[in-house]
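All chains are named by letter (A, B, ...) in the order of the sequence lines, taking the proteins before the strands, and each is independently numbered beginning at 1.
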Protein chains: 2
Amino acid sequence: MPTPSRTSLTEIVSAARAIVESEGLDGLTMQKVASVVGVRAPSLYKHVSGRGELIKLIAEVTVEELSMTLESASRGSDLRVNLDAMARAFREFAHRRPESYRLVFAPTSDEWRPDPAVLAAAVRPVVETAGGLAGSQHGLEAARLVTAWAHGFVTMELAGAFRMEGDIDSAFYFGIERIGASLESARDSVG
Amino acid sequence: MPTPSRTSLTEIVSAARAIVESEGLDGLTMQKVASVVGVRAPSLYKHVSGRGELIKLIAEVTVEELSMTLESASRGSDLRVNLDAMARAFREFAHRRPESYRLVFAPTSDEWRPDPAVLAAAVRPVVETAGGLAGSQHGLEAARLVTAWAHGFVTMELAGAFRMEGDIDSAFYFGIERIGASLESARDSVG
DNA sequence: ACCTGAACACCGTTCAAGT
DNA sequence: ACCTGAACACCGTTCAAGT
């Protein structure tokens, strides 16, 4: 006879997120997820096509959270202040959820890749702020400069590539200051 | 009685590299490596402590290659030209060896992390060029701005995050041009 | 209609036994 | 002194059988 599902997709994804964050991607096994939501591994396949899709869903939820963080950091009226606040919020987010953040841009297979529309939505506040600074004809290019730098910085930081001498914080502030200035001066050059 | 080894560490690492490049990191199994070098999987453990160390060794070889590429791209006398050439060489390298490149800054566990000294050596030409532009008191910060941007850009590109509208090449050239300009103007500001 | 045990095809790694 | 088969402890995924 018909029986109601003992778990749900949302429950599964949030259990998976917690596991990734605490044990890393390698620690994410179907059996662990199943045991957290109180079911056996094969039952997960009623809700999710496999481990790959589960990873993609985690990445998408993470991007959506990041998106909200960036949006609420860029509500001021001064574009340079907004850019600075977004950069700091971006970095703090990555520090808070390093393992989830990692897999947003780490997808080696198509299956893991978050929906491009979700990514595009997250970048929207960056496009607005960076585009406002650089002039709208360079909006997308400016946004890509900012996001590439921010993503590269936190990725290298999380990977431990900055172990050497020097103050990491000051390198971050130097970066955002120089990028902000260079976008403003792009507005003045070629119309 | 003593018997000579039927393979070597170099042979193993280069077989592993080829597998990673053609089948991705997930395709790298000890059994495939073993069969390429003509041995059974357990024998690999005479040369390597495990799959993790093998991954680390691939990352280090890749960084060394990248290092040479950057060095030979920055031998001119004009710093802005050198910066441009290094950025292009960096991007081309990542396009040529996407799978190997990916795992340089992807290490989730300490075991996979390339030796910091190897990384530092690879960044040296960037520190020289960027530091020459921005002034030596900002050398390290400037190098981190450049490498973070370049790494972030190619990572996002490889991950397919730039699927949307817009010309990716022009975004790359915009980025390097703006960064070069902003480093030059950093030299003039605070002494 | 969901859940499960059992099974399949893999992994990485260890180790005693061969040569 | 290296190499190997066999074994161990895992994986993800499938599927027939339960309820």
Side-chain angles (χ1 to χ4, degrees), chain A residues 1-59 99 102-103 106-113, chain B residues 1-59 99 102-103 106-113:
Chain A
M1 76 241 11
T3 46
S5 198
R6 206 168 298 172
T7 182
S8 70
L9 183 58
T10 0
E11 197 184 13
I12 290 169
V13 173
S14 99
R17 277 241 290 173
I19 292 169
V20 164
E21 213 45 75
S22 70
E23 309 181 40
L25 184 58
D26 288 346
L28 179 73
T29 71
M30 298 304 268
Q31 327 212 5
K32 275 180 200 156
V33 175
S35 102
V36 170
V37 303
V39 101
R40 300 288 189 166
S43 299
L44 297 177
Y45 293 80
K46 287 280 163 187
H47 302 91
V48 114
S49 75
R51 185 174 178 267
E53 194 190 7
L54 196 45
I55 292 172
K56 190 193 78 174
L57 292 171
I58 299 173
E99 299 294 339
R102 225 167 226 141
L103 44 82
T108 188
S109 71
D110 286 332
E111 201 188 1
W112 297 13
R113 212 183 303 285
Chain B
M1 74 233 25
T3 47
S5 198
R6 207 169 295 171
T7 181
S8 69
L9 183 58
T10 0
E11 197 184 13
I12 289 170
V13 173
S14 101
R17 276 241 290 173
I19 293 170
V20 163
E21 213 46 75
S22 70
E23 309 181 40
L25 183 57
D26 288 346
L28 179 73
T29 71
M30 298 304 269
Q31 327 213 4
K32 275 181 199 154
V33 175
S35 102
V36 170
V37 304
V39 99
R40 299 291 188 165
S43 298
L44 297 177
Y45 292 79
K46 286 281 163 189
H47 302 90
V48 114
S49 74
R51 186 174 178 266
E53 195 190 7
L54 197 44
I55 292 173
K56 189 193 78 171
L57 291 169
I58 299 172
E99 299 293 340
R102 223 167 228 143
L103 44 82
T108 189
S109 71
D110 285 332
E111 200 186 2
W112 297 13
R113 212 184 303 286

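- For the residue pair A:A15 and A:V36, the shortest heavy atom distance occurs at CB-CG1, 3.7 Å.
- One atom, CG of B:D26, and another, P of D:dC11, lie 16 Å apart when rounded to the nearest Å.
- In this entry the distance linking NE2 of B:H47 with P of C:dT13 reads 16 Å, nearest Å.
- Less than 4.0 Å separates DNA chain C from at least one heavy atom of each of the following residues of residues 27-42 of chain A: A:V39, A:R40, A:P42.
- Between A:S43 and C:dT4, a side-chain N or O to OP1/OP2 separation shorter than 4.0 Å is present.
- C:dC2 and D:dG18 make up a base pair, with Watson-Crick or G-U wobble contacts both under 3.5 Å.
- For the pair A:R51 (side chain) and A:L28 (backbone), a donor-acceptor distance under 3.5 Å is present.
- In this structure, A:S5 reaches the sugar-phosphate backbone alone: every heavy-atom distance under 4.0 Å involves primed, P, OP1 or OP2 atoms, never a base.
- Going from atom CZ of A:R51 over to atom C1' of C:dC10 covers 14 Å, rounded to whole Å.
- Listed in residue order, the members of residues 6-16 of chain A having a heavy atom less than 4.0 Å from DNA chain C are A:R6.
- Not one N or O on the side chain of A:S5 forms a donor-acceptor pair closer than 3.5 Å with the backbone of A:S8.
- A side chain to side chain contact (heavy atoms under 4.5 Å, CB included) with A:W112 is found for one member of A:L57, A:L54, A:L103, A:I55 and no other, namely A:I55.
- Pairing partner, D:dT13: C:dA7, with both Watson-Crick or wobble hydrogen-bond distances short of 3.5 Å.
- Put simply, the side chain of B:E53 gets close to the backbone of B:S49: a donor and an acceptor are under 3.5 Å apart.
- The line from CD1 of A:I12 to OG of A:S43 is 9.0 Å long, rounded to the nearest 0.5 Å.
- Taking atom OH of A:Y45 as the reference point, atom C1' of C:dT4 lies 14 Å away to the nearest angstrom.
- How far CE of B:M30 is from CZ of B:R40: 15.0 Å, rounded to the nearest 0.5 Å.
- With values rounded to the nearest 0.5 angstrom, A:I58 atom CD1 is found 7.5 Å from A:L25 atom CG.
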